Protein chains: 2
Amino acid sequence: MIKAYAANEPGGKLEPFEYDPGELGADEVEIAVDYCGICHSDLSMLNNDWGMTQYPFVPGHEVAGRIAQIGENVTTFSIDDKVGLGWHSAYCHSCDSCHSGDHNLCTTAEGTIVGRHGGFADKVRAEAYSVVKVPEGLEMERAGPLFCGGITVFNPLIQFATRPTDKVAVIGIGGLGHIALQFLKAWGCEVTAFTSSETKKTEALEMGAQQTINSCDEVEIAAVAGTFDLILSTVNVKLDWNLYLQTLKPKGRLHFLGATLDPIDIGVFGLIMGQKSISGSAVGSPTTIATMLDFANQHDVKPIIEKFKFNQVNEAMQHLEDGNANYRIVLER
Amino acid sequence: MIKAYAANEPGGKLEPFEYDPGELGADEVEIAVDYCGICHSDLSMLNNDWGMTQYPFVPGHEVAGRIAQIGENVTTFSIDDKVGLGWHSAYCHSCDSCHSGDHNLCTTAEGTIVGRHGGFADKVRAEAYSVVKVPEGLEMERAGPLFCGGITVFNPLIQFATRPTDKVAVIGIGGLGHIALQFLKAWGCEVTAFTSSETKKTEALEMGAQQTINSCDEVEIAAVAGTFDLILSTVNVKLDWNLYLQTLKPKGRLHFLGATLDPIDIGVFGLIMGQKSISGSAVGSPTTIATMLDFANQHDVKPIIEKFKFNQVNEAMQHLEDGNANYRIVLER
């Protein structure tokens with residue numbers, strides 16, 4: 001039996017919950033969960049904000065742990081290997097995206113917490129292919145948040161071939177943005193942080209930003225017109241996107257990692273005049289996750305975390321919902 | 001003196017108008033205008049739709065003609081060389097865009113009909129660098145429309161490194177779209193035309209489209225979900241852009257060449273889920289224009305034109321304004 005924490009209804013408390021995972025699939029592994037990060041999407045799923053939650057619902061898709069069981073077809077892991085699991089727990093392996101190495105764009109990929117039980121548990125299973133080894137030297141308690149938050153901000157740098165000579169801005173210095181700043185600094189880029197918080201301005205400078213700009217001050221924003229090659233937006237609120245478009249250089253890109261429910265309402269002229277792009281993405285492929293972990297390890301990129309015990313999971317979720325998370329929350333035994 | 005046609009007020013008739021261009025600049029050439037295409041932006045400028053028209057206003061930025069005078073610094077042209085002139089008539093040559101070969105993105109580039117007199121005239125002058133030779137074999141009467149309409153649809157194929165294996169759709173089969181179909185066919189792409197006109201459906205198939213889809217039929221559009229790598233939108237009306245986004249493959253791009261005044265109102269989730277992009281661009285650099293002309297010549301890409309005499313210029317403009325242009329209108333002597 002797997003011992004987990006599950007909610008039985010939208011917005012419900014997480015209660016101890018046991019389930020029988022059955023026989024281990026031939027292509028699966030079982031992970032003994034040592035740590036599990038909490039992502040805002042765990043909260044959205046708990047509340048059924050996206051209309052696809054099944055109850056009892058076990059959140060958790062920023063898993064860091066050890067291989068505890070290995071399916072008979074799996075040759076890539078040994079017992080006790082340090083590993084992690086992110087948003088996806090299986091891929092179809094037969095679509096064009098999977099064949100092209102873009103497994104995260106597989107439209108039938110299985111979500112770790114979508115229609116199955118996630119990592120707020122002592123164990124979690126997944127297709128071995130979706131599980132990635134954590135490199136020696138990377139702290140396990142900080143590994144979990146890299147498997148969703150980390151890969152989300154790292155993936156665009158790979159996808160769009162960001163160069164160390166690029167000027168990059170990050171909008172929103174929170175769970176995603178603070179990791180983005182560190183990756184971009186390590187990438188060699190000149191980095192600007194857009195934030196409305198005075199506290200976070202100071203912290204952003206410590207984490208790698210060379211300058212900070214008040215994300216709500218139109219005058220400050222207008223003053224950096226034509227500056228950035230790439231802007232990563234990690235916020236889930238509506239900002240004046242046409243104003244941000246103006247801060248891009250010709251050929252620049254405004255890339256969304258945070259999902260606002262409001263339409264973006266961009267003017268076409270703003271795109272046409274400087275040949276600009278807007279785009280979005282979510283997480284990354286297993287290969288990109290492995291690349292990201294290696295890069296994070298090499299450059300000491302570390303999510304800033306607050307730890308809660310697994311049995312404090314409801315307090316931890318409340319802390320996140322209240323907007324009090326000091327960057328990223330991780331559950332530990 | 002240069003003999004031109006000018007309007008003296010927004011929406012005014014074009015009347016014969018003479019002006020003294022003064023001494024030829026050292027870096028300029030003078031072109032004897034044999035043909036001049038009419039672009040929808042000539043009409044927008046005539047009507048001062050963009051608030052930047054100066055009167056008397058001489059339209060015309062799809063010039064095809066011969067070199068008639070050469071400035072003393074110019075070494076790249078000889079008298080009687082066949083040449084053309086498009087939207088830009090000079091560049092700053094000192095900004096990052098110019099230095100990077102993206103002269104068309106130079107924010108202080110001079111527009112051929114912006115604050116100066118264009119090609120509805122017997123002669124027009126421009127910085128030699130902005131004038132491009134027309135390759136031997138390319139019909140001069142069809143060359144003009146390539147200098148604005150042609151480069152506008154060709155430039156994205158260069159900018160985004162479109163591959164012959166890409167599936168590409170063109171929305172709107174008019175002055176721009178019908179050239180796009182021909183370029184894309186020559187490029188080796190599988191091409192789809194979105195149009196609401198029954199007549200144009202047949203013509204689109206003749207011009208290179210492998211299939212046509214009714215651009216206003218939601219069911220037909222939904223049936224091609226996940227199909228296209230690139231969509232070029234050439235229309236200036238608002239369509240259901242979120243529906244069109246769904247017709248893109250993962251990593252696909254919806255690219256705007258036509259300027260609608262309504263915001264695009266794209267949902268962020270639609271971008272994030274398949275890592276999609278939307279973007280826009282206008283015309284291209286002199287080097288890209290030269291590449292485009294060579295490619296058009298090699299592959300027999302020919303704008304479909306209706307010809308009017310220069311002294312019928314008001315009838316020609318009315319014909320365009322009434323939406324009756326059979327693809328592209330060209331003025332001839």
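A, B, ... follow the sequence lines: proteins, then strands. Residue 1 opens every chain. These numbers come from the heavy atoms of this one structure, side chains and all, not from hydrogens, waters or symmetry mates. Everything numeric here is computed off the predicted structure, so don't read it as measured data.
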I'd like to know whether B/Asp229 forms a salt bridge (Lys or Arg N to Asp or Glu O under 4.0 Å) with B/Lys249, so could you lay out the CA-CA distance, the side-chain angles of the two residues, the decisive distance to 0.1 Å, and finally the verdict. CA-CA 6 Å; B/Asp229 297 284; B/Lys249 285 185 193 173; 3.3 Å; yes
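- Side-chain contact check for B/Ser100 and B/Ser97: no donor-acceptor pair (N or O, by modelled atom type) lies under 3.5 Å.
- Within the 4.5 angstrom heavy-atom criterion, only side-chain atoms of B/Asp102, from C-beta onward, approach chain A.
- For the pair B/Asp42 and B/Pro59, the tightest heavy-atom approach, listed with the atom from each and the gap, is OD1-CB, 3.8 Å.
- When heavy atoms are compared at a cutoff of 4.5 Å, A/Asn242 does not approach chain B at all.
- If you measure heavy-atom distances from B/Asp96 to chain A, you find no contacts under 4.5 Å at all.
- Remark: aromatic rings of B/Trp187 and B/Phe295 are close, center separation under 6.0 Å.
- The choice from B/Asp262, B/Asn104, B/Leu105 that makes the most heavy-atom pairs within less than 4.5 Å of chain A is B/Leu105.
- The aromatic rings of B/Tyr129 and B/Tyr91 sit perpendicular to each other, their planes meeting at more than 60°, with 30° as the lower class boundary.
- With hydrogens and angles left out, the side-chain atoms of A/His88 and A/Glu127 include no donor and acceptor closer than 3.5 Å.
- Taking B/Asp265 as the reference, B/Lys238 meet the salt bridge (charged side-chain N to carboxylate O under 4.0 Å, His left out) condition, with sequence neighbours excluded.
- For residues 269-282 of chain A, a heavy-atom distance under 4.5 Å to chain B picks out A/Phe269, A/Leu271, A/Ile272, A/Met273, A/Gly274, A/Gln275, A/Lys276, A/Ser277, A/Ile278, A/Ser279, A/Gly280, A/Ser281, A/Ala282, given by residue number.
- Between the side chains of A/Ser44 and A/Ser41, no donor N or O sits under 3.5 Å from an acceptor N or O.
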